[in-house]
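All remarks here apply to the structure that follows.
Below, read A as the first sequence line, B as the second, and so on, with proteins coming before strands; counting in each chain starts at 1. FYI, side chains are in, hydrogens and waters are out, and symmetry mates aren't considered; it's all heavy atoms of this structure.
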Amino acid sequence: MFALVDCNNFYASCECLFEPKYIGRPLVVLSNNDGCVIARSQEAKALGIVMGTPAHLAQDSFRKNNVVVCSSNYTLYGDMSDRVMKTMKSFVPRMEIYSIDEAFLDLSELSFEDLDKLGLAIRETVIKNTGIPVSVGIASTKTLAKMANRYAKKKHRSSGVFYASDENLVDEMLGATAVEDIWGIGHQYALLLRKNGLATAKDLTRIPGDWVRRNMSVTGLRLWNELLGVPSKEWEFEPKDKKNICTSRSFGKLTNDYSIIKEAISNHAATCALKLRNQQTVCRFVKIFISTNPHKVNMKQCHHAIVIQCETATNSTPEIIAYSIKGLDLVFDKNNFLYMKCGVEVLDVIPETELQLNMFDLKDRNKSKKALEVMDMVNKEWGRGTIRMAVQRFDNRYRLRADFLSKRFTTRLDEIIQIHI
DNA sequence: TCTGGGGTCCTAGGACCC
DNA sequence: TCTGGGGTCCTAGGACCC
């Protein structure tokens with residue numbers, strides 16, 4: 001048995017926790033750069049505000065409806081997520097964290113008779129410990145548990161728990177779930193299924209598996225099996241090492257200023273290098289890309305990318321920065337484009353231990369490794385960027401907009417919540 | 001002024017080898 | 001008339017997720 005526990009309107013719930021005056025009001029959280037809506041409170045959903053709405057197009061409607069607008073505060077959400085996960089983990093021997101706001105719990109070895117009650121207990125404890133409301137779906141496969149969770153939110157709002165305990169309940173749920181609401185069915189597959197007269201998850205379970213295999217590849221077939229109650233998605237209790245790591249951001253505004261772009265690229269490269277070191281891996285290739293704003297249809301467009309092979313696989317900040325700048329210099333074109341976004345991606349990531357040394361490599365890698373270890377230690381203790389490469393600068397001139405940022409209530413002493421008595 | 005950022009997996013098809 | 005065939009590796013692109 002699988003339980004999928006999912007925080008309700010997670011980012012919006014986090015914002016309300018520390019500003020009780022927001023409770024009951026429509027609230028939206030915006031993406032990086034205050035670009036578009038990525039989370040909504042229940043009240044905002046009720047107003048019909050859609051995911052992905054560009055903030056600048058919705059400003060009038062926000063004002064008219066007295067909507068609270070927040071920039072995204074990942075420090076706060078990340079810390080709240082840790083707290084929620086810790087509480088959930090206390091109920092089961094094993095748990096798979098699936099995303100910042102949801103986790104699969106392994107119920108297979110529990111002697112708990114009444115899983116409905118377990119679901120309620122999880123919900124109550126999480127809200128008591130963290131203040132975050134969650135919903136619980138319980139079923140025989142991951143895909144069905146996801147669906148049960150969604151069904152709990154829709155049809156069992158007051159309890160917030162749905163346990164698809166027998167065939168009839170599974171059937172009822174499958175019949176009530178539209179194909180586009182199945183986990184793993186996106187826009188394209190939904191269109192295909194609709195075109196073939198399939199409207200609900202139940203319809204999908206009734207067609208032959210080889211049709212599914214032919215039209216939706218092996219991932220589709222796995223999904224089909226899961227709907228039929230045959231577990232086909234494996235547990236991943238330990239997060240796998242990333243195979244590629246990408247860091248990218250939009251600039252605050254369009255630019256063709258080489259020094260600003262170089263600074264941004266250097267910072268993205270440094271972030272990638274740090275992520276590599278955190279999972280004890282190295283990369284063999286570094287890719288940089290730089291692109292214009294595709295929404296500006298009247299401006300000249302480009303999406304330039306270049307992959308550079310490392311002499312020796314590496315996770316060193318200065319080396320990855322150097323490769324990235326080399327790449328940038330090859331594609332940057334000051335005269336023809338105004339750029340909106342750039343990024344660095346490290347490819348072909350392998351464990352540090354598998355590193356093959358290049359016989360022509362003359363660098364003293366042990367020495368630079370020690371220096372990086374010290375740098376990481378200091379940065380962990382004193383905050384990111386305390387020690388950095390000169391090219392990363394200190395003033396962050398490509399800084400993103402975040403005009404409505406809440407405090408980091410739970411991780412910074414100087415931003416802790418204050419109560420006036 | 002203003003439209004996110006990060007990932008994964010799978011497949012088709014080209015390049016290349018003998 | 002007839003223009004090999006089988007295999008691997010790599011990449012681009014499409015699908016999906018939160």
Considering just the side-chain nitrogens and oxygens of A/Lys240, establish if one lies under 4.0 Å of OP1 or OP2 belonging to B/dC9.
yes
Is the shortest side-chain N/O distance from A/Lys146 to OP1 or OP2 of C/dC18 below 4.0 Å?
yes
Contact under 4.0 Å: A/Arg213 side-chain N or O vs B/dT11 OP1/OP2:
yes
Using atom NE2 of A/His303 as one end and atom P of B/dG5 as the other, report the distance to the nearest whole Å.
12 Å
Starting at atom CZ of A/Phe251, determine the distance to atom P of B/dT3, rounded to an integer number of angstrom.
13 Å
Do the two ring centres, one from A/Phe251 and one from A/Tyr339, sit under 6.0 Å apart?
no
Quick one: A/Ile38 CD1 to C/dC18 P, roughly how many Å, whole number?
14 Å
Sole candidate of A/Arg40, A/Lys45, A/Glu15 that passes side chain to side chain donor-acceptor pair (under 3.5 Å) when paired with A/Asn9
A/Lys45
In whole Å, what is the span from the OH atom of A/Tyr98 to the P atom of B/dT8?
12 Å
Any A/Lys275 side-chain nitrogen or oxygen under 4.0 Å from OP1 or OP2 of B/dG7:
yes
Suppose we define a pair by two distances each less than 3.5 Å, Watson-Crick or G-U wobble; what does B/dG14 pair with here?
C/dC9
A/Arg222 side chain near B/dC10 phosphate (N/O to OP1/OP2, under 4.0 Å):
yes
Tell me the interatomic distance from A/Asp403, atom CG, to B/dC2, atom C1', rounded to whole angstroms.
11 Å
Starting at OH of A/Tyr189 and ending at C1' of B/dC9, how long is that distance when rounded to a whole Å?
10 Å
Can you check whether A/Phe289 and A/His304 have ring centres sitting under 6.0 Å from each other?
no
Is any side-chain heavy atom of A/Leu372 less than 4.5 Å from a side-chain heavy atom of A/Arg277?
yes
Nearest-Å distance for atom pair CZ/C1', residues A/Phe289 and B/dG6:
10 Å
Ignoring backbone atoms, test whether A/Lys242 places a side-chain nitrogen or oxygen under 4.0 Å from the OP1 or OP2 oxygen of B/dG6.
no
State whether A/Phe337 and A/Lys300 meet the cation-pi test: NZ (Lys) or CZ (Arg) under 6.0 Å from the six-membered ring centroid, and within 45° of the perpendicular axis.
yes
Over how many whole Å does the gap from A/Asn298 atom CG to B/dT3 atom P extend?
15 Å
On DNA chain B, more 5' by nearest nucleotide between A/Leu254 and A/Ser248 is A/Leu254
